[in-house]
Amino acid sequence: MIKVNNLTKIYKKNNLKGTNFLALDDVSIHIKQGVTLGLIGESGCGKSTLGRAILKLISLDKGMIYFNNIDITKYSQKDMIALRKDMQIIFQHPDTSLNPSKTILFSLFEPILIHKLMNKNDALLEIKKYLTYVGLKEELLSRYPHQLSGGQIQRIALARALILKPKFIVLDEATSMLDVSVQAQIIELLNKIKKELSVTYLFISHDLDLVNNFCDEVAVMHKGNIIEKGKVSKIYNNATNDYTKKLIEAFKILAK
Ligand SMILES: Nc1ncnc2c1ncn2[C@@H]1O[C@H](COP(=O)(O)OP(=O)(O)OP(=O)(O)O)[C@@H](O)[C@H]1O
Ligand SMILES: [Mg+2]
């Protein structure tokens, strides 16, 4: 589904020291259709950068990106609009995933308008359908994001993505701001979506237990490189890389 070859991203000197920062260092990765891939690694190692790069939300310095065997590396923002339907991202902070000055109804209408998917009446029916699908009530439609809980907002963000019937969703710490019980409910919803709507996920997370429960495979990132990738059980129990071993060990100690 997604193939990334030798991807390099350098953040140009916009920090105080005026030095460039190599955020992705020749990253290659293959995300197979229907496989939930976890992406772990310490803060700042480049996980979000990779997620955004795959969706072409940031510019790249080198490398190739294929989506279903189509080379999208040189796609312009305009070319990407059509593909955005198929490739979505859900961010970490519930408070930034929706426009604070727009009602929930507007936020759900917007993608349908942008992609000219259907007329207004059909759109309203579709919105209500997906709202129910993510476990929310119609009365939320007239509210603003600040009038919703974090869990409700992440459900809306998911409904907003699902309306476009995406094939691939990057979940960038999408549940990490939620408390444990709400997190469990969202994971359950993500599992339902995966089964019923055949969505492939890239699941970026700090929570190795969650990755263990939710993902089929895991990729370990360190300083802009993918250093190990494989079945979750194999990596967790038989990591070959020293850094991976340390990361898993540290998590086990913290989780105690
Ligand atoms: N727009 C930017 N300009 C300059 N540097 C950036 C920019 N975005 C990210 N970086 C730097 O690139 C590195 C990788 O960032 P990234 O957000 O991809 O890390 P991450 O693995 O997602 O971290 P976290 O787990 O904390 O979310 C970090 O050192 C970060 O400071
Ligand atoms: Mg991040």
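Numbering of ligands and ligand atoms starts at 1, following listing order. Every value quoted in this text rests on a predicted model; they were computed, and no experiment measured them.
- Inclusion of Q92 in the first shell of the Mg ion (ligand 2) is not supported: no N, O or S atom falls under 2.8 Å.
- Taking a cutoff of 4.0 Å between a charged side-chain nitrogen and a carboxylate oxygen, K32 and E217 qualify as a salt bridge.
- Of the polar atoms of F21, none of the N or O atoms is found under 3.5 Å from an N or O of ligand 1, judged by distance alone.
- Salt-bridge formation is not detected for the pair K252/D209: no Lys NZ or Arg NE/NH1/NH2 atom is positioned less than 4.0 Å from an Asp or Glu carboxylate oxygen.
- Within ligand 1, the atoms closer than 4.0 Å to a non-hydrogen atom of H206 are 25 (O), numbered from 1 in the order shown.
- The backbone N or O of I65 lies less than 3.5 Å from a partner atom in the side chain of T73, making a donor-acceptor pair.
- Which of G51, G224, C45, G44 comes nearest to atom 28 (C) of ligand 1 through a heavy atom is settled by distance: it is G44.
- Using a 4.0 Å cut-off to heavy atoms of T49, the atoms of ligand 1 that qualify are 14 (C), 15 (O), 16 (P), 18 (O).
- A salt bridge links E126 with K129; the closest basic N to acidic carboxylate O contact falls under 4.0 Å.
- Within the 4.0 Å heavy-atom criterion, neither part of M221 lies near ligand 1.
- Applying the ring-ring contact (aromatic ring centres under 6.0 Å, His included) definition to pairs two or more places apart or across chains, those involving residues 203-241 are Y201-F214, F203-F214, H222-Y243.
- If you run side-chain contact (heavy atoms from CB on, under 4.5 Å) between P111 and each of R84, Q88, R160, only R160 comes through.
- For ligand 1, none of its N or O atoms has an N or O atom of G41 under 3.5 Å away.
- Without hydrogens or angle criteria, K56 side chain to Y75 main chain gives a donor-acceptor distance under 3.5 Å.
- Atoms of ligand 1 found under 4.0 Å from any heavy atom of S48 (numbered from 1 in listed order, with element): 17 (O), 18 (O), 20 (P), 22 (O), 27 (O).
- Any N or O atom pair closer than 3.5 Å counts here, and G46 shares at least one such pair with ligand 1.
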